[in-house]
Structure formats: structure tokens, C-alpha cells
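First the structure, in the form of C-alpha cells, and then the observations on it.
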Amino acid sequence: MNNLPSITMKDIARDLGVSVATVSRALKDSPRISAEKREEIKTYAREHNFFPNIIAESLRKSKVQPLKIIGVIIPQLSHFYFSSILSGIEEEASARGYQLMVAQSKEKYENEVRICKAFHENKVCGIIVSQAKNTMKYDHFQKLISQGLPLVFFDRICTGVNASRVVVDDYMGAYAAVSHLIDTGCKHIAYYGTSLTMEIGKNRYNGYKDALLKHGMKPDERLIRTCDNRADAESITPDVMSLSNPPDAFFAVNDDTAIGILYSCKRMGYHIPEDISICGFTNGERAIACDPMLTTVEQRGMRVGEEAANILIDQVEGVIPKSRVEKRVVRTRLIVRGTTK
């Protein structure tokens, strides 16, 4: 009879003429059920290939206590930085007995709202999130906090919500990168960055600007562009290079954008770094796959993920009060390679 398909407790109850509650108690060896009846039910269950539904059991228990499952919202899994953060979250969560439920917002506010609602309905114990680019309203995050669900932001933090966050030192990373460009002889440095409505965009721009000012240079508004992906970088760089007094260096908000600049400049006949120096921000796998290899700021995504998971789990387990806002900064470091002198 072992080849029979598996059955449910409801099936067992019907076949033996007892209630589902009786079957459940018997399978758990409850003394409320006679030894004879317990053995009858357990034997029938064993012979009919019965296996308990662990997920359903967990959901029943979750009415009293949330599941040990953490919801994670990533803007795009295809980005090396976000995938490395996810690896850090998973590694730390697994070590502490937690599992992940992961979803992509795909940079859309509407998706983010829907995912938050789904996570809450599925009784995750907390949520770790990097907000979408076009998120300008934060009611969905505030609602989670008001419902007592721990919330931790990473990378793209929401300044409109008083919640814990883990970021890299974007300002100092940009400052160090631009200072390196200046120290190696660059005098006219372009900046490709994300929108200044985002905290990450403001911090990296301010690091760029302050490095220039510290070295007696003024930002040239013609060289400051909103651009954070390779396709746009390849599209606008020829126009930037056609300006009178074009840049002799570029600092980009991420590696993909920097690589777009690199190949655009090479197609125009420029030599890297002899004619143009380029610095990115991430230190992903693509940084060593391009020619020449990319000078970039290392973000240490694994560490960011580990810190975010630790904060969330500590809040879930009461080590850190849910009311306390944790703010942690992961240090960056400049990795010098072939795109700078």
C-alpha cells in the first residue's frame, strides 16, 4: 500500500469516522485520545502514505507567533550589488535559523506596495527593503511599522520613515574616488549620478562636489548628468565629449554606468586612462571583465546584507527593541585598477 498517493488528515478522519481534531491529536500522541485509537489512526496514516503539511502547520502556529521567515524586497536581482547583499542576508539569516521570502519591485512603487501587503499577509517576521527609484510616498512602509512589523532599509533608505537602516559610506566613497582622480592629474571631472531626490544620489554627489572644492575646483554644471545605467551612459557620453573643454575624467554612480562610459570613449578613439580616466562604484564582477579593468569603490554588499539581517533578527527576538532605530554604516574602499593613472 506504500504506492498509494498521500492523503490528508481530513481523509483519515472521514475514513475512520472521527474528527480532524482527533486525528491531529492522535498523531501528536495526545493523552486525550485512547492508546488504542491513537495506534489505529497512526497505523492507518502510515499505511496510506500520510505526511504532515509542514507549511500549513507553521501557518497555524503563526497565529500566535510569526514564522521565522524574513521578507526581502530587492529593486532588481540582476544587479550584482543587490544580489551580493541578498547573499549576505541569506547567509546570516540561515545561520540564525531563519529563511527568506524574496521579491523584486522592478523599480516600481506599485509593485513595492503589493509586495509589502503580501508579505504581511503571509506573516513574515520582518521585512528588509531597498526602496524603488520612483517611490515618493511611504504609507505602505509606515503601515508595516504601525502594525508592529520590524522594518530595515538598506542602500536606498527612506528618510520619510523612522526605521532602521544599513548603508555604505556613499559620501566618503565618492570623495575618495574623485580625490584619486584629481591626485593623478585630472582637472575636469564629469559626474554621472542618480536622482538627487534619493539619499544615495545626494550623498555621492556631495562627495564628488566637496572633493572638487577641497582641491580648489568648481563643479561644471555641463558635466553633471542624471545617468545610472550603461545604455544611457553610452548614449550621452559622445555629447559630453563634444563639449568645448570636455572632461578628462568621469566618476560614475555605479560600475555599469562607468563601463558604458568606458566603451563609448574607446569607440570614439580615446585611450583609457591616457586620455580619459574613469572610476565607478560597486566593485562587481563586471569591473574585472572589462578592458582595462575598472577602478571603482567597493561597496561590500555581503557585509551590508549581514548587518541588515542581524538588526532585523535582533528586533524580532527582542535583543533590540522594535522602537529603537538602528543606523549602521559600512565603510567603502577604493580599488585602483587600469582605468585610472
Side-chain angles (χ1 to χ4, degrees), residues 6 8-9 20-21 23-25 27-30 50-75 77 82-105 111-131 140-158 161-167 300-328 330:
S6 62
T8 66
M9 282 196 288
V20 174
V23 173
S24 177
R25 292 188 183 111
L27 294 174
K28 294 176 182 176
D29 281 322
S30 170
F50 171 76
F51 295 99
N53 187 328
I54 296 172
I55 293 176
E57 184 68 15
S58 294
L59 286 171
R60 281 191 290 274
K61 290 180 179 178
S62 71
K63 293 176 182 177
V64 178
Q65 180 178 338
L67 298 177
K68 295 185 79 170
I69 295 178
I70 298 169
V72 183
I73 305 177
I74 304 281
L77 279 169
F82 290 132
S83 63
S84 66
I85 291 174
L86 182 60
S87 293
I89 295 171
E90 195 280 331
E91 188 168 299
E92 192 63 29
S94 178
R96 298 185 64 174
Y98 288 74
Q99 297 180 39
L100 304 185
M101 187 180 291
V102 183
Q104 298 182 82
S105 67
N111 290 344
E112 199 173 74
V113 172
R114 175 181 54 77
I115 294 165
C116 284
K117 184 174 184 291
F119 278 173
H120 184 257
E121 289 174 350
N122 281 279
K123 300 185 182 298
V124 298
C125 61
I127 295 176
I128 299 174
V129 57
S130 181
Q131 73 173 55
H140 54 303
F141 293 138
Q142 197 60 59
K143 184 176 181 181
L144 294 173
I145 294 173
S146 67
Q147 291 168 333
L149 197 67
L151 184 66
V152 178
F153 287 96
F154 68 89
D155 189 52
R156 302 181 192 165
I157 64 173
C158 178
V161 175
N162 194 30
S164 296
R165 71 276 311 265
V166 181
V167 296
R300 301 174 65 203
M302 281 284 291
R303 184 62 181 163
V304 171
E306 290 168 0
E307 289 285 350
N310 266 320
I311 292 173
L312 188 88
I313 294 170
D314 282 349
Q315 289 183 328
V316 169
E317 297 182 351
V319 177
I320 298 174
K322 291 181 181 179
S323 58
R324 185 198 300 174
V325 173
E326 287 284 308
K327 298 179 181 179
R328 298 185 188 173
V330 174

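Since we're looking at a predicted model, the values are computed, not measured.
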CZ-CD distance between Arg165 and Glu326, expressed to the nearest 0.5 angstrom: 11.0 Å
Taking all non-hydrogen atoms of both residues, which atom of Ile145 and which atom of Asn162 are closest, and how far apart? CD1-O, 4.2 Å
Tightest non-hydrogen contact, residues Ile70 and Ala93, listed as CD1-CB, 4.1 Å
Could you tell me which residues satisfy salt bridge (charged side-chain N to carboxylate O under 4.0 Å, His left out) with Lys117, sequence neighbours excluded, listed by chain and number? Glu121
With the side chain counted from C-beta on, respond yes when Leu100 and Leu86 share a heavy-atom pair under 4.5 Å apart, and no when they do not. yes
Rounded distance [0.5 Å steps], SG in Cys125 versus CG in Leu312: 6.0 Å
Closest non-hydrogen contact found for Ile73 with Cys116 is CD1-SG, 3.8 Å
Within the distance-only criterion (no hydrogens, no angle test), does the side chain of Gln315 pair as donor or acceptor with the backbone N or O of Arg324 below 3.5 angstrom? yes
Rounded to the nearest 0.5 Å, the SG atom of Cys158 sits from the NE2 atom of His140 at a distance of 7.5 Å
If you compare all heavy atoms of Pro75 against all heavy atoms of Ser130, which two are closest, and at what distance to 0.1 Å? CG-O, 3.5 Å
With sequence neighbours excluded, tell me which residues meet side-chain hydrogen bond (donor to acceptor under 3.5 Å, both in side chains) with Ser105. none
Heavy atoms of Val167 and Ile157 approach each other most closely as CG1-CG2, 3.3 Å
Determine whether Phe119 and Leu144 make a side-chain contact, defined as any pair of heavy atoms from C-beta on separated by less than 4.5 Å. no
Without placing hydrogens or testing angles, list every side-chain donor-acceptor pair under 3.5 Å for residues 148-156, not counting sequence neighbours.
residue	atom	partner	partner atom	Å
Arg156	NH1	Glu107	OE1	2.6
Arg156	NH1	Glu107	OE2	3.1
Arg156	NH1	Gln131	O	3.2
Arg156	NH2	Glu107	OE2	2.9

Separation of Asn122 CG from Ile115 CD1 (nearest 0.5 Å): 12.0 Å
Let me confirm one number: the CD-CD1 distance from Gln104 to Ile74, rounded to the nearest 0.5 Å. 8.5 Å
Once side chain to side chain contact (heavy atoms under 4.5 Å, CB included) is applied, do any residues pair with Val23, and if so which ones, sequence neighbours excluded? Met9, Ile12, Ala13, Val18, Leu27, Ile41
Using the ring pair (Phe, Tyr, Trp, His ring centres under 6.0 Å) criterion, which residues pair with Tyr98? Sequence neighbours excluded. none
List in chain and number order the residues that pass salt bridge (charged side-chain N to carboxylate O under 4.0 Å, His left out) with Glu307, two or more places apart in sequence or in another chain; answer none if no residue qualifies. Arg303, Arg328
Holding to side chain to side chain contact (heavy atoms under 4.5 Å, CB included), I want the full list of residues that pass it with Glu92, two or more places apart in sequence or in another chain. Arg96, Glu306, Ala309, Asn310
Above 12 or not: heavy atoms from other molecules or residues under 6.0 Å from CD of Glu317? yes
Run the side chain to side chain contact (heavy atoms under 4.5 Å, CB included) test against Ser87 and tell me which residues pass, sequence neighbours left out. Met302
